[in-house]
Every structure is written in C-alpha cells, then in structure tokens.
There are 2 protein chains.
Amino acid sequence: MAKLQDVATLAGVSTATVSRTLNNPELVDPSTRQKVANAISTSGYQRNETARSLAMRSSRTIGLLTDTFSSNYFAPILDEAIKILHDFGYYAIVEATGNHANHKNVELQKRAWRSLINRQVESIIVLCAFMDDRELDEMLMEFPSAINIGHSVEQAKSRCITVDHYTGGQLAAQHLIEMGHRNIAMISGPADRLDSQQRGDGFKDELNKHGIDLPSSKVYTGNYSVLGGSQAMQKLLETGHEVTAVFAQNDDMAVGVINECFSRSIEIPKDLSIIGFDDSSMATSTMPPLTTISQPLKQMSQSAATLALNLSVGRKNDKPLAKPTIHFLPELIARQSVANLAKPV
Amino acid sequence: MAKLQDVATLAGVSTATVSRTLNNPELVDPSTRQKVANAISTSGYQRNETARSLAMRSSRTIGLLTDTFSSNYFAPILDEAIKILHDFGYYAIVEATGNHANHKNVELQKRAWRSLINRQVESIIVLCAFMDDRELDEMLMEFPSAINIGHSVEQAKSRCITVDHYTGGQLAAQHLIEMGHRNIAMISGPADRLDSQQRGDGFKDELNKHGIDLPSSKVYTGNYSVLGGSQAMQKLLETGHEVTAVFAQNDDMAVGVINECFSRSIEIPKDLSIIGFDDSSMATSTMPPLTTISQPLKQMSQSAATLALNLSVGRKNDKPLAKPTIHFLPELIARQSVANLAKPV
DNA sequence: ATCCAAAATGTAAGCGCTTTCATAGACCAT
DNA sequence: ATGGTCTATGAAAGCGCTTACATTTTGGAT
C-alpha cells in the first residue's frame, strides 16, 4: 500500500506538500497540485486514516452504544444517525450489547463504553433501553460530549434527546375520549422504566381530567413485547372487564393485543378499539392499521447526530451546526384501530 | 488524558516496560508489574487505541457495509456479528448506505467501501441486498479479506456466505404438496435478484417433479415488501385463480398477503394457505403464525464474523478459529398458515 | 536593479504507542 | 573466577500522517 512518502517521491515534492494538496489544496500551486494528483492516481495511494487521526489528535469517529439493531424503534434511529455522520466525513463505531434487562448487561455496557473511549471516539451516542438512570448520568458526566437518546437524567440533561412521553399519554387519552370511549384499559410497559411511567401518568391524568377513572384493576403490565401484549390482553379478557378501548404503551404490545383478539374472533375496531405508541414500522401493516402515537424518531436521531458533531473535538474550529432540538413532542397518528363511538355509522 | 509516558514516569520505568506490562505481562517481573498497575490506576490511564493501531499496523477493526438496520433480515445478522467481533477484542465500523435499489446507491456503496478501507479495517463484511453481482465480485477481489453475506459471486466464491435459496424453494413446494395442495400460486421477489430467481426455480422445479404446473399466469411479482405482497395478492384475487395455496418468497410479502386476505374476510388457512420465506421475527406474530422457510441467520452471521477474523492481519499469527461454514441449508418451519388438505379434519 | 510582502515549498518535530536490539544482572555449572 | 544462559529492562527507531516554522520563490512597486 502506497504511503504519503511514495507519492511525494513520485511527484518530486515533499510529504508536506502532498499532505497540503490533500487537505488544503488552496495552499498549493495548481501545477504542483496536478503533479501530486497524477502521482496519487498512478500509485493508487489511499490515505491511512489511523495515522491521520493520530497526527490530528482527532478520530472523526463517533461511538454508537446500543442494545440491539433488532428493534423497530432503534433501527431507524441508528440508520439516520449513521447517514448524517457519514455526510460529515465521520465514522461510526458501533457496540451492541444485546437485549437483556439484567444486571449482566450493565457490565457489558460499561465495557463497551470504555472500549469506545479508548478508541478515541469524539462523542458517544447512547441508545439503550435498559440502562440505569444513575449509572447513565455518571457515564455521561464522565465523557462531556456523550449524549443519550431516550432518557433524561439530572446532571447531563442538556445532552439528552427525549420525547415527551407524558404528553404522548395524554394524546392517546384525548383521542379515545373524543371517539366516545369511557371504559378503558391500559397495558403498560415495564414498571421500572421511566418512559412507561410517564406514558401511563399522562394517560391517567388526562382521563381523570375528563372524569374517567383508570383503576389499577384495569392496568396490565406487559414488557413492551408482542408476547407480553397478548398475555396482558388474555388476562384482561379473563377478568371480564367490559372495556371498549385499550391503550397499549407501545406498538409491539398492540400487535399482541390484536393477535389475541383475532384468535378469539374479537373484531377490531368494532368490538374493541386499540391505540398504540411509537408508530413503528409494523403499525401500517397490522390489520386494521394501527392508530398510534408517533415519536419523531428521524428528527430525534438527527438532533443526536448533530449534537454529537457539535461537541466533537475534530469540529471544534468549524462553525457549529444549527442548535439541535432536545425535547420532542409526540403526535397522534389516527389510522383505523379506534372506533368512533360518538358518531356511530 | 494520561499517556503511556506519564505512567512510565510515575512507575519509575520505561515506556517499553509499561507497554509490556499491558500486552505481555509474563515478560515483566511481578514487582514491576505491580508498580505499573498502581501507576495506571492512580493516573487513570486509558490506552489510545489509535496510536496502538498505527504502531501495530493492525486496527483490530472490521468494517460492516450494509443497506440499513431497519430490516428483520439484516438486524439480527448485524447484532450477532458485532457481538462476536467484540468478544475477540475487535471493533466494528458501520456504514449504512440506505435502502434504495437505484443506481445512486452503487455510488454511495463504493464511497462507503473506500472509506472503510482508508480506515484500515482488516476485513469488510458486506450485507447489501441491492448490489450488482459483477460490481460486488470486483470489490471483493480488490480487498482479499472482504466477505459477503447473501450473494455468491464467481471469483470470490470462497468468501461468500450463502443460503441455498433453491433448496428453500423446493422445501416450500414439498410442504405444500405433502399437505395436499395442487393448485398453487407464487409471489416472487424482484426479478433481477438472484436469490429470488433461485427460490422461484427451486419451487417450480419441485412442483414440476410432482407433475404440477406453475404457469407464469400464477406468478406475481412483489418487491419483498409488505405492500408489494398485498398488491400482488390483490391482482391474484382479481384474476380469479382458484388456488388453495400461495408461496410468498419472503415473510414481509406473506404479511401483505395475510392482510389482504383479512380485509376480504378470506380465512387463513381455511380458505387459503400461505407459506413464506426467511422466518423473520414477524413470522411468529402474524395471525395465524406463519409457516415459512428459515434461514439460519445467526449461524450465517457467526460464520461471517469468524471468517472475517480469520482473514484479519491482526490475527495472522494467532491460531485460526474453526473453519466456518460457507454454505447453509434452509429449513421448513411449519406453523399454522398452511392447511392440510390431504387429511382434512 | 532593488526591496519587500505574499505565496509556495521544504524541514523536521511530533502524535502515543510497539518492538527490535542492546545491555545489565542473576544464576548456575565448571 | 570464568563463561554461558536466562530474565528483566531500557534506548531508540519507527508506524504514516500533520503542521509549525524556516526557507525559497515570485511578482510587483519603487
């Protein structure tokens, strides 16, 4: 593999000139520029980014720390982030620790985190569903350009890209109420997750505001998975509550609900209405298409990448990109899984 | 950030000794080892992997070139590959070029490919659905440790991890025949994709072998997407073919078929049987659960990662890992979307 | 011709590691 | 004591780039 020195010899100039031709062409005479260009193409020279990183004290690399790609929620975020980084000439080193909610995970995540730092990444974008908030805050404080998508923690608040789960919960409740539902159940996510709590609180509060009660007997816990959703639905049906609608705190569980209904010949939305959360890719391909609360994943991801870039040492002297939004608002996406009881056909 | 020199000074030894303590502890006296360990922990030293890579002429990094993470097919492969690389102390740099089947994509992919090479990756794992075979072969030949998952190309054959699509097609046909189906339709993937052709050929040949014809009037083309599946199904229904079963060449299209049937109150598998391909994550959460042909994605990914590691310069002197399998066989996963016409209940 | 600022190029010192080679002890057998 | 073999360490030369600084060249303006 040809190196800078080879090109220099071939072109009859010094390595400095070649380097300049590559990085600041305006500093070198057009004719030399041409000579160098020729030398480069005949030698098939490819710049060694490792050496460059070392010399420039900047890796132009961002770390991506995540649980898994196998998630309708994570995947589009990661896609978008990588695209943006690439557009700015940055690289992405990815660590995926696996999708476990156990203690072993903490250890894996910390190891991955360290190895990213050792690798001289200029920022780390954390996208982990199962990460202890205290732990996360500590980590973020340890690495001042690290940012998180999803959680919001005390100290590193300004580096957390979040969506307003509470408002999302309210939105779901509002829609159900508008459509004439009064007898409603909820299938919540894991009890120890903040986003789940917030979605639940928003939902409950909004219901209360309209004089509708959501007793704990009508709240079932799933684990954000399809299976969890159908199991929760099963329990709900067994208790014999006569609800007309259920709010599943994410789309995966909503799919579980739909499946369970299907196998019991409960028609949606005629017999039961269902509203989800996330607007994940499956929401359009359920039957019927799922009414849900969307998170602006793409924009969130763009914000994260932009913020990461702004905080990167390699870009310290470039003009910063537009200040990214930190806090996003969810939106109601009305499709066909909620019946209008108020205005019956 | 403390550097090796700082640690050396603190411990009262040379940098060589510190380096050895880190990389070949058996070469240094236990007492010095201890001194160094102390110096490391009091200084909070973290090794600079960039400098290390440069000095060792080995980046311990593998490039991952893919279209997107948002795919039930790609995501688990990527997950698994990264996990294995990590276990061997390797890093993964990921480039995702986006999910477009157009010519612009070729340009993007080539750029990403180059940038991975510049970054001194020791191997590249290519996982791109839309890549021209000739183009791919050239690329693979240019970088002798690059490997591909999915395609099989002429020259770089030994570095292509594939599944036998033809056999998969046969399997689907066999199952349908065993279950008593004779009047069968097929929804194929994009015509220009080899895997799709092979799945189709296997299916058709096996059918023929049993005296069943698959005229082109019973073959519909989708584009491997849910929407494509339902559109193809729509056309099929409009032509009024009296088929009892359809083979969708991937699970996404099978989902489309199921949806279309649902909205027309065609019961599966009572009125129509459907078999998919891939055994993607959604196959268990359709209603009814989808009978399909599984690809051993996890094993394929492991093979890819292992092969990549074996071919890496950084591991040239380590003993090679077990020789990975290159060619995988698909398997029938019988669930509940195919009715048994032979032995009616 | 002369001088000077600006433009173009070269020289060489790093970046933070690894590793070869040389050196110095330590230990044992003669 | 002498030599030889090991083991433990250090000195220093890179790895392939970038860049501060020094030097040379250029092209007016005088």
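To find a chain, count down the sequence lines: A is the first, B the second, and so on, and within it residues start at 1. Quick caveat: nothing in here was measured; it's all calculated off a predicted structure.
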Distance-only side-chain donor-acceptor flag, B:His327 / B:Thr162, under 3.5 Å:
yes
Here the distance between atom C1' of D:dC17 and atom CG of A:Asp6, to the nearest Å, is 13 Å
Is A:Glu142 salt-bridged to A:Arg114, cutoff N-O under 4.0 Å?
yes
Between the protein and nucleotides 23-27 of chain D, list the N/O to N/O atom pairs that are separated by less than 3.5 angstrom.
none

Closer than 4.0 angstrom, basic N to acidic O: yes or no for A:Glu49 and A:Arg60?
yes
Establish, with yes or no, whether the OP1 or OP2 oxygen of D:dT18 is under 4.0 angstrom from a side-chain nitrogen or oxygen of A:Ser19.
yes
Length of the CG-P vector between B:Asn48 and C:dC15, whole Å:
12 Å
Under the side chain to side chain contact (heavy atoms under 4.5 Å, CB included) test, residues paired with B:Gln155 that sit two or more places apart:
B:Asp137, B:Met141
Under 4.0 angstrom between A:Asn23 side-chain N/O and D:dT18 OP1 or OP2
yes
Below 3.5 Å between N/O atoms, which protein atoms pair up with nucleotides 8-13 of chain C? Just atom names and distances, please.
from: C:dT9; atom 1: OP1; to: A:Thr32; atom 2: OG1; distance (Å): 2.5
from: C:dT9; atom 1: OP2; to: A:Asp29; atom 2: N; distance (Å): 3.0
from: C:dT9; atom 1: OP2; to: A:Thr32; atom 2: OG1; distance (Å): 3.1
from: C:dG10; atom 1: OP2; to: A:Ser14; atom 2: N; distance (Å): 2.8
from: C:dG10; atom 1: OP2; to: A:Ser14; atom 2: OG; distance (Å): 3.2
from: C:dG10; atom 1: OP2; to: A:Thr17; atom 2: OG1; distance (Å): 2.8
from: C:dG10; atom 1: N7; to: A:Arg20; atom 2: NH2; distance (Å): 2.9
from: C:dG10; atom 1: O6; to: A:Arg20; atom 2: NH1; distance (Å): 3.3

Classify the ring geometry of A:Phe69 against B:Phe69: parallel below 30°, tilted from 30° to 60°, perpendicular beyond 60°.
parallel
More than 12 heavy atoms of other residues, nucleotides or ligands under 6.0 Å from CD of B:Glu154: yes or no?
no
Please enumerate all residues that pass ring-ring contact (aromatic ring centres under 6.0 Å, His included) together with B:Tyr91, with sequence neighbours excluded.
none
Under a 4.5 Å cut-off applied to non-hydrogen side-chain atoms, are B:Phe88 and B:Leu321 in contact?
yes
Without decimals, in angstroms, what is the distance between A:Leu22 CG and D:dC17 C1'?
10 Å
Specify the separation, in whole Å, of atom CD of A:Glu49 and atom C1' of C:dC15.
15 Å
Nearest-Å distance for atom pair NZ/C1', residues A:Lys3 and D:dT18:
16 Å
Among B:Leu311, B:Ile124, B:Val126, find the one that has a side chain to side chain contact (heavy atoms under 4.5 Å, CB included) with B:Ile147.
B:Leu311
Here the distance between atom C1' of D:dT19 and atom CG of A:Leu4, to the nearest Å, is 13 Å
What I want to check is whether the side chains of A:Thr325 and A:Gln299 have a donor and an acceptor closer together than 3.5 Å.
no
Does B:Ser123 have any side chain to side chain contact (heavy atoms under 4.5 Å, CB included) partners at least two apart in sequence or in another chain, and if so, which?
B:Ile62, B:Ser145, B:Ala308, B:Ser312
Expected output is a numbered-order residue list: members of residues 52-59 of chain B with a heavy atom under 4.0 Å from any atom of DNA chain D. What is it?
B:Leu54, B:Ala55, B:Arg57
